[in-house]
Structure formats: structure tokens, C-alpha cells
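Structure first, commentary second.
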Amino acid sequence: MTNIFTRVIRAFKTWREFKKMPLRVEFVLTDYCNLNCRGCTHYSPLAAKEFADLDQTERAMQHIARVCGNKLKKVYLIGGETLLYPRLAEAIEALARNFKTQELYVFTNGLLIPRLSHETWDAFKKNNVIMAITRYPIKFDYDAAIDLCRQKGVRTEIFGDRSMADSFFRFALDPAKKQNGKIGHFKCFNRGCISVIGTKMYPCSISACVGHLNKACSTDFKHEKGDYLVVDEITDVNQILALRDSAVPFCDYCILPPSSVEYAPSQRKKSEWVDD
């Protein structure tokens, strides 16, 4: 009985923390990447070398900024590898133009930091955008890259360190869609990672980017009504909060909790992402 009571209390505290989670939105500039990580949640090893239309992305920014106002706390530009985006300086300017009170981030694996253009460095510095770096267990001098950011006057944060043991996960999908989405959503590691791709907003990157998996591996993971919002049809921030805080039909595909796996290059096999 004590164990059950403890679990209930723990679940209530977790739910309360979820409700207090600051609202953040991620604009996906590309799913293409210069790394090839097994089980990537953006399916980057399977993605073509394609980039978001900047005009369309800024229209989405404008609309979301109007709807959310100061209830939106953090806004990210993400990939794939975000620094591969050919119009990154312009994208940073668009981000800062539309989100004047939010914390602004660009996510990166860091490899291209030494090769950034003067224009891009200036955009980071002028707009006080944070370089959010994830470390990977590869031959790259992350300390030197971070030091270069400091020399350029650009703020940095280490978003994650995937070079540490048990820091890389496999998020598997069940093609039979027989998982309990409500329980899975409550335990979800990707909760709050609201992803905007093109004209649509999804509750997580797995749902947002699953088309790459379908195309490359002939899977058939479908979206249903309620799995996403059409950006232009969002009229209230509570619609976004509901998308974040409630299970959607796609959640029934997700096998949780994820398993801890050793970091390795992708073989682009369906088994990296799917449990048959």
C-alpha cells in the first residue's frame, strides 16, 4: 500500500511539473545532418538534403508570435544540423524580428562552428541568440568551439552531452499502433518539443519527421485528426498547450520508455526505429 501511495504522489508531482513547463516552440530548418546517428529522432540519416522555405517559416513565426504573445518563453531553430541551413543569418534575423521578449536558441552539434561566416556570427551576437550545443562522442574539439563562440561574443549552452554513458536512446515505434498513448505521453521524454515544419505544428519531432522513415523504409505511420495543428488555424495559445499536454493519436505508436543504446553510426535500417 505504501508503494502504491508513493507512486501516486510521484505521478501527481510529475503532472504538476508538466503543467508548469515553460512553453517553447521549435522551427525546423532542415532534417538533413552532417552526422549519421543511429536511431535519430528526426530520422536525419534517412532525410534528403532539403531546407525549409524561409518566407513560409517567417509567416509561421509571425502568426505564432501574435497568438502566443509573452506566454511563449523560448523559441528554437533546429535541425537536423541547423548550421547547414544556407540562409541561417536571415533565419536568425527573422527569429529575432518576431520574438522580441523570448529566449532565442539555435541548436547544433557544433561541427560547423569554426566555419561560420562573419554574417552569421554577427546575427548571433546582435540578436543575443544562444548557441545550444549538443556534444557527441566524435573526434571534435568542443572546448575549442565553445571558446571561439566566447571570442565572438556569442552565448553558449550545452544542451546535452551524448558522449556520456547511457546518454543515447532508441525511441521505437510500434507499426501495429497498440501502445497506450495516454500512459506513453505521461512518460514521454520528448514532451514539450513542439515542432513547426512548413505550415504544421506537431507535439514532437518523431511525429513531425516520420515521413522520412515512411519514404525510406516503406513504413506506413499515419497522422490522424488531432495529431497536429495547421499554423494559420491556431487562434489561441491554449490550442498549442492542449497539443503539448494531451496524448494525440500518434502517441499510440510510441513504445516507452526508450531503451538506452550505445552511440553508433546509422545503417539506415528500419530496425533502428521500428519494432516489428
Side-chain angles (χ1 to χ4, degrees), residues 24-64 74-99 104-117 119-121 123-124 127 129-136 138 140 145 149 154 157 159-160 162 171 190 193-217 221 223 228 231 265-266 268 272-273:
R24 72 179 196 244
V25 172
E26 305 174 350
F27 291 91
V28 182
L29 296 183
T30 182
D31 289 317
Y32 186 69
C33 190
N34 52 358
L35 285 179
N36 180 43
C37 304
R38 178 173 64 178
C40 172
T41 57
H42 279 253
Y43 308 98
S44 292
L46 309 176
K49 191 176 183 179
E50 299 173 341
F51 303 99
D53 178 272
L54 185 54
D55 292 336
Q56 183 183 68
T57 300
E58 183 162 17
R59 286 195 295 272
M61 290 178 181
Q62 291 169 348
H63 187 79
I64 291 168
K74 298 183 179 184
V75 189
Y76 304 155
L77 297 179
I78 66 168
E81 175 43 47
T82 321
L83 301 190
L84 285 169
Y85 191 64
R87 300 176 66 185
L88 181 58
E90 294 174 75
I92 291 171
E93 295 287 355
L95 189 72
R97 193 160 47 240
N98 290 285
F99 300 102
L104 307 179
Y105 297 79
V106 169
F107 274 67
T108 177
N109 59 36
L111 273 66
L112 293 177
I113 288 175
R115 294 166 54 188
L116 288 180
S117 67
E119 180 187 23
T120 303
W121 282 119
F124 268 100
N127 296 295
V129 173
I130 299 167
M131 187 92 73
I133 301 168
T134 301
R135 292 177 180 262
Y136 287 84
I138 55 177
F140 179 73
C149 290
V154 173
E157 285 187 13
F159 181 73
R162 295 194 171 171
F171 293 87
N190 295 306
C193 301
I194 299 169
S195 299
V196 176
I197 295 184
T199 61
K200 295 178 180 178
M201 174 183 286
Y202 299 84
C204 72
S205 63
I206 293 173
S207 173
C209 304
V210 75
H212 301 305
L213 178 64
N214 286 338
K215 184 176 181 180
C217 298
F221 295 102
H223 289 113
Y228 60 85
V231 170
S266 173
R268 299 176 175 84
E272 294 177 29
W273 296 277

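Computation of the quantities below employed the complete heavy-atom set of this structure, encompassing side-chain atoms and omitting hydrogens, waters and symmetry-equivalent molecules.
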Worksheet item: For Ser207, does its backbone N or O pair with a side-chain atom of His223 as donor and acceptor, under 3.5 Å?
Response: yes
Worksheet item: Do any N or O atoms from the side chain of Asn109 and from the backbone of Leu111 form a donor-acceptor pair under 3.5 angstrom?
Response: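 Yes, Asn109 side chain to Leu111 backbone: donor-acceptor pair under 3.5 Å.
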Practice prompt. Could you pull out all residues at least two apart from Ser266 that satisfy side-chain contact (heavy atoms from CB on, under 4.5 Å)?
Written response: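 Asn36, Pro45, Arg268, Glu272, Trp273.
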Worksheet item: Who passes salt bridge (charged side-chain N to carboxylate O under 4.0 Å, His left out) against Arg135, sequence neighbours left out?
Response: Asp143
Discussion item. Please verify the inter-ring angle class for Tyr76 with Phe159; under 30° counts as parallel, over 60° as perpendicular, anything in between as tilted.
Written reply: perpendicular
When rounded to the nearest 0.5 angstrom, what is the spacing between [atom1] in [X] and [atom2] in [Y]?
X: Ser44; Y: Leu35; atom1: OG; atom2: CG; result: 9.0 Å
X: His63; Y: Met201; atom1: NE2; atom2: CE; result: 8.5 Å
X: Thr30; Y: Leu84; atom1: OG1; atom2: CG; result: 7.0 Å
X: Ile113; Y: Phe124; atom1: CD1; atom2: CZ; result: 8.0 Å
X: Tyr43; Y: Asn214; atom1: OH; atom2: CG; result: 8.5 Å
X: Thr57; Y: Asn98; atom1: OG1; atom2: CG; result: 11.0 Å

Worksheet item: Thr108 pairs by side chain to side chain contact (heavy atoms under 4.5 Å, CB included) with which of Thr134, Leu116, Leu88, Leu83?
Response: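 Exactly one candidate clears the test, Leu83.
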Worksheet item: Between Gly110 and Glu81, what is the shortest heavy-atom contact and its length?
Response: N-OE1, 4.4 Å
Discussion item. Quick check: closest heavy atoms across Ala91 and Leu29, and the distance to 0.1 Å?
Written reply: CB-CD1, 4.1 Å
Can you give each donor-acceptor pair under 3.5 Å made by side-chain atoms of residues 46-54, sequence neighbours left out, with the distance rounded to 0.1 Å?
residue: Asp53; atom: OD1; partner: Asp55; partner atom: N; Å: 3.2
residue: Asp53; atom: OD1; partner: Gln56; partner atom: N; Å: 2.7

Are [X] and [Y] packed together at the side-chain level, in the sense that at least one heavy-atom pair is separated by less than 4.5 angstrom?
X: Leu95; Y: Asn127; value: no
X: Tyr105; Y: Glu157; value: yes
X: His42; Y: Ile78; value: yes
X: Tyr85; Y: Leu77; value: no

Fill in: Residue pairs fulfilling salt bridge (Lys or Arg N to Asp or Glu O under 4.0 Å) with at least one residue in residues 88-99, sequence neighbours excluded
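Found Glu58-Arg97, Arg87-Glu90, Glu93-Lys126.
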Worksheet item: Does anything in residues 196-217 pair up under salt bridge (Lys or Arg N to Asp or Glu O under 4.0 Å), and if so which pairs, sequence neighbours excluded?
Response: none
Worksheet item: Around atom OH of Tyr228, are there more than 12 heavy atoms of other residues, nucleotides or ligands at under 6.0 Å?
Response: no
Item to complete: Please name all residues satisfying side-chain hydrogen bond (donor to acceptor under 3.5 Å, both in side chains) with Ser195, sequence neighbours left out, ordered by chain then number.
Response: none
